[in-house]
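Here the structure is a predicted model, which means the values were calculated and not measured. Heavy-atom basis, side chains included; hydrogens, waters and symmetry copies ignored.
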Amino acid sequence: MKRIPYIVITISLLLSSCQGNSQSVENSKRNTSNQNVAPVQVAAIDGLEKAYFASGCFWCVEAIYESVIGVKESISGYSGGYTKNPTYEASNTGRTGHAEAVEIIYDPQIVSFGTLIDVYFDSQNPTQINGQGPDHGSQYRSIIFYQNEDQKKIIEEKKKVLGKKINRKIAAEILPFQKFWIGEAYHQDYEKRNPNNGYIRNVSIPRLKRFQAKHPELIKKGH
């Protein structure tokens with residue numbers, strides 16, 4: 001959920017072993033489902049292409065990409081797992097293998113796939129594993145999905161350069177795209193429709209503003 005949980009230490013100590021074993025099983029399922037799989041290429045429609053990213057809370061990521069010049073739409077949903085028709089409640093257990101993700105519909109004549117990768121890395125803590133900010137768990141892990149070998153090479157090179165630049169390991173997984181499941185209607189444009197929500201005010205909007213301050217040249221007018 002979009003909040004910082006209060007942890008009861010004694011309960012955590014008693015359950016840590018069971019939870020660790022359960023998480024290992026889920027990680028094994030997730031990793032197995034993504035091995036030796038050919039990426040799915042999504043066809044362009046009316047000159048618009050699609051790209052897929054996971055970077056913590058999809059409310060945050062959706063708003064960031066929608067502020068970028070050349071991005072026509074950003075849709076919240078789920079990807080990277082092994083179950084069909086994932087829901088918000090199910091994905092939040094970490095047992096579906098899915099991460100909160102976004103589908104980016106963009107004009108490649110205005111913004112390149114490479115620039116979208118730059119937006120991805122520059123709008124998050126690239127070293128945080130299984131989460132962003134206060135959100136923790138495999139459902140919040142960082143993933144960049146590729147649809148062909150050219151995209152994979154671009155992602156790998158930018159990840160390598162960033163790792164050398166900051167001298168840290170970059171957490172983002174690089175996975176072949178398989179399927180994107182559109183999230184529930186109430187998640188779409190959540191930040192825009194719920195500006196007074198506590199999480200939006202304290203986490204999502206500050207994250208958006210930090211990115212915009214770093215790259216004013218990429219931001220649409222009015223954002």
- Task: Before giving the answer on side-chain contact (heavy atoms from CB on, under 4.5 Å), spell out for Lys179 and Val40 the whole-Å C-alpha distance, their side-chain angles and the decisive distance to 0.1 Å.
- Result: CA-CA 8 Å; Lys179 186 173 178 61; Val40 173; over 6 Å; no
- Message: Looking at every heavy atom in both Ser91 and Thr96, which two are closest together, and how far apart are they?
- Response: CA-OG1, 3.7 Å
- Task: Look at atom CD1 of Ile174 and say whether more than 12 heavy atoms of other residues, nucleotides or ligands are closer to it than 6.0 Å.
- Result: yes
- Item | Test side-chain hydrogen bond (donor to acceptor under 3.5 Å, both in side chains) applied to Asn202 - qualifying residues, sequence neighbours left out | none
- Query: For residues Gln124 and Ser142, is any side-chain donor paired with an opposing acceptor at under 3.5 Å?
  - Reply: yes
- Any side-chain heavy atom of Pro39 sitting closer than 4.5 Å to one from Tyr146? yes
- Task: Check salt bridge (Lys or Arg N to Asp or Glu O under 4.0 Å) between Lys152 and all other residues, then give those that pass, not counting sequence neighbours.
- Result: none
- Name all pairs fulfilling the side chain to side chain donor-acceptor pair (under 3.5 Å) condition that reach into residues 206-215, sequence neighbours left out, sorted by first residue then second. Ser55-Arg207, Asp122-His215, His215-Glu217
- Name all residues meeting the salt bridge (Lys or Arg N to Asp or Glu O under 4.0 Å) criterion together with Lys158; count only those two or more places apart in sequence or in a different chain, and write none if there are none. Asp118
- Note on the structure: Nearest heavy-atom approach of Ala99 to Ile143 is CB-CD1, 3.9 Å
- Item | Side chain proximity check, Cys60 to Tyr199, heavy atoms < 4.5 angstrom | yes
- Query: Picking from Ile45, Val42, Ile75, what satisfies side chain to side chain contact (heavy atoms under 4.5 Å, CB included) with Ile105?
  - Reply: Ile75
- Kindly give the heavy-atom pair with the smallest separation between Ile166 and Pro126, and that separation in Å. CD1-CG, 4.3 Å
- Task: Taking the side chain as every heavy atom from C-beta outward, state whether Val61 and Ser74 have any atom pair closer than 4.5 Å.
- Result: no
- Less than 4.5 Å apart, any side-chain heavy atom of Glu49 and any of Ile104? no
- In short, Pro176 meets Ala38 closest at the heavy-atom pair CB-C, 4.4 Å
- Listed by chain and number, what are the side-chain contact (heavy atoms from CB on, under 4.5 Å) partners of Lys192, not counting sequence neighbours? Glu66, Asp189
- Task: Return yes when atom CD1 of Ile129 has more than 12 non-hydrogen atoms of other residues, nucleotides or ligands closer than 6.0 Å, and no otherwise.
- Result: no
- Can you check whether Gln132 reaches Tyr140 side chain to side chain, under 4.5 Å on heavy atoms? no
- Task: May I ask you to test the Leu116-Tyr65 pair for a side-chain heavy-atom distance under 4.5 Å?
- Result: yes
- Under the side-chain contact (heavy atoms from CB on, under 4.5 Å) rule, what do Phe180 and Phe145 come out as? Steps first, then yes or no, please. CA-CA 10 Å; Phe180 176 77; Phe145 297 93; over 6 Å; no
- Query: Within a radius of less than 6.0 Å around NZ of Lys220, do more than 12 heavy atoms belonging to other residues, nucleotides or ligands occur?
  - Reply: yes
- Considering residues at least two apart in sequence or located in another chain, which fulfil the side-chain hydrogen bond (donor to acceptor under 3.5 Å, both in side chains) criterion with Asn125? Thr127
- Task: Report the C-alpha separation of Val203 and Cys57 in whole Å, then their side-chain angles, then the decisive distance to 0.1 Å, and conclude whether the side-chain contact (heavy atoms from CB on, under 4.5 Å) test is met.
- Result: CA-CA 10 Å; Val203 179; Cys57 168; over 6 Å; no
- Atom NE2 of His98 and atom OH of Tyr82: how far apart are they, to the nearest 0.5 Å? 8.5 Å
- Item | Set of side-chain contact (heavy atoms from CB on, under 4.5 Å) partners for Gln41, sequence neighbours left out | Gln147, Asn148
- Query: Looking at side-chain heavy atoms only, is the closest gap between Asn85 and Trp181 below 4.5 Å?
  - Reply: yes
- Task: Name all residues meeting the side-chain contact (heavy atoms from CB on, under 4.5 Å) criterion together with Glu184; count only those two or more places apart in sequence or in a different chain, and write none if there are none.
- Result: Tyr78, Thr87, Tyr88, Glu89, Tyr186, His187
- Task: Using a cut-off of 6.0 Å, state whether more than 12 heavy atoms not belonging to Arg168 lie near its atom CZ.
- Result: no
- Message: Do Trp59 and Ile200 have side chains that approach each other closer than 4.5 Å (heavy atoms only, starting at C-beta)?
- Response: yes
- Query: side-chain hydrogen bond (donor to acceptor under 3.5 Å, both in side chains) with Glu191: which residues, sequence neighbours excluded?
  - Reply: Ser204
- Between the NE2 atom in His136 and the CZ atom in Arg141, the distance rounded to the nearest 0.5 Å is 16.0 Å
- Note on the structure: So the ring pair (Phe, Tyr, Trp, His ring centres under 6.0 Å) pairs with at least one residue in residues 103-134 (sequence neighbours excluded) are Phe53-Tyr120
- Note on the structure: CD of Gln139 to CG of Asn130, rounded to nearest 0.5 Å, is 8.5 Å
- Minimum heavy-atom separation for Lys159 to Ile170, with atom names? CE-O, 3.5 Å
- Considering residues at least two apart in sequence or located in another chain, which fulfil the side-chain hydrogen bond (donor to acceptor under 3.5 Å, both in side chains) criterion with Ser76? Glu62
- Message: For Ile110, give me all partners under side-chain contact (heavy atoms from CB on, under 4.5 Å), at least two apart in sequence or on another chain.
- Response: Ile69, Asp107
